[in-house]
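Structure, as structure tokens:
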Amino acid sequence: MKRTVLDLWVGFFVAIGFVALVFLALKVGNLSGSNFEGAYPLQAKFDNIGGLKVRGAVKSAGVVVGRISEIHFDSKTYEAIVTLTIDGRYRFPKDTIAAIYTSGLLGEQYIGMDVGGDEKMLNPGDTVFKTQSAVVLEKMISQFLFDKAAEGQEKK
Amino acid sequence: MFMLDKILGFFRFLGHQVTSAIARLGVAARFFISIFWLSGTSFRRFQLTMREIYFAGVLSLIIILVSGLFVGMVLGLQGYETLQRYGSSEALGVLVALSLVRELGPVVAGLLFASRAGSAITAEIGLMKATEQLSAMEMMAVNPVARVVAPRFWGGVISMPLLAALFSAMGVFGGWLVGVVLIGVDDGSFWSQMQAAVDFRLDIVNGVIKSLVFGVLVSWIAVFEGFDSEPTAEGVSSATTRTVVTSALAILFSDFILTALMFRGQ
């Protein structure tokens, strides 16, 4: 085979190989959307984080505004400390509530930022004081049963 | 007495098998190092490696692309069948993309590469040995490892990740073809759920690392079996068979190890 023809085919092969890689990175993966510009950290303390995981989403009004970058346990206060990385374009008021929600009935859990009305904004590194823990299904069911039992006793 | 002889004979056979297997592994490891040591020629005269990329990569394109398309289409059909029972057929994109990028792309492309290109490399080097072309090179003070083996090894190592990426991309396209065009899953949620679930670092980069490891393993096994084959017609044929069998086992075993290291606890 002639050298130029061989070069052409190899060049063609390498080029479409790289196109496939770029396709996987941009169209299949989320390389384009995962780097936040000028991201800054926030902290939040929860009594119970349920099934929250590192790299989970932080949403406000349903839009992904950040990711969960670290979760650890504070042995002094017995609380979970969650570090959030928030996109630098977005700032939140001081009285924002960080609540743990579940997407769908069996979906994964995420942190929802319910925005308050304070005029002061949270600075990078600040702690979100108002939090709402994950709903634990067993607790909710036992509460429900307990209430039902109490109701029944009142009727007697 | 006769019984004792038989029992001792069995242990002698077992011991011989184990020591020769270990010795062969040692020879293969030294051969691996000598390929790296003598790789200068393959990069200084890159045309040599270019020729091998053509034979290992370009000529494997058709089988990789067609298999990728069909594997993706089957994943689309089977995945839809199961997912629609739980009312989450929109997650089809996630299922197709994750199974291809993480596992099926590198593994199936590696198996196809071993049977399409690895066997050819072994047969070629084995035949060169049988017809004493390798000895003739040595006579002319040309090192056959540098001139024949190393370019084939590097050609395989360079081709394999590209082939695996093409396989995965083609598979995702096949899954889209069946899921969206044929069955009618929503186009937007097919792609957006896929993009939300597939992580660049965790899934795609790990897939590329896997395919690179498989490329090194298959190319190493192929050139070693060829170089180490008996210089007879029978020896070349059994070396070719061994290449395919050993490569398949090595790919599946190392895939388990790599998966355990990469995705543990995720």
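Here is how names work: the chains are called A, B, and so on, in the same order as the sequence lines, proteins then strands, and each is numbered from 1. Heavy-atom basis, side chains included; hydrogens, waters and symmetry copies ignored.
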Query raised in the report: Is the side chain of A:Ser133 donor-acceptor paired with the backbone N or O of A:Asp47 at a distance under 3.5 Å, no angle test?
Result: yes
Report task. Mark yes when over 12 heavy atoms from residues, nucleotides or ligands other than B:Phe36 sit less than 6.0 Å from its CZ; otherwise mark no. Result -> yes
Query raised in the report: Can you tell which of B:Pro161, B:Ser159, B:Ser168, B:Gly93 has the highest number of heavy-atom pairs within less than 4.5 Å of chain A?
Result: B:Ser159
**Report entry** Lys/Arg N to Asp/Glu carboxylate O, B:Lys210 vs B:Asp255, below 4.0 Å
**Finding:** yes
**Report entry** Cation-pi, B:Phe55 ring and B:Arg152 (6.0 angstrom, 45 degrees)
**Finding:** no
Requested in this report: Give, as side chain, backbone, both or neither, the part of B:Leu166 having an atom under 4.5 angstrom from any heavy atom of chain A.
Outcome: both
Query raised in the report: Is it true that A:Arg89 and A:Asp87 have a side-chain N and a carboxylate O under 4.0 angstrom from each other?
Result: yes
**Report entry** Contact class of B:Arg51 relative to chain A, heavy atoms under 4.5 angstrom
**Finding:** both
**Report entry** Heavy-atom contact with chain A under 4.5 Å, split by part of B:Val205
**Finding:** neither
**Report entry** Heavy-atom proximity to chain B below 4.5 Å, by part of A:Val14
**Finding:** both
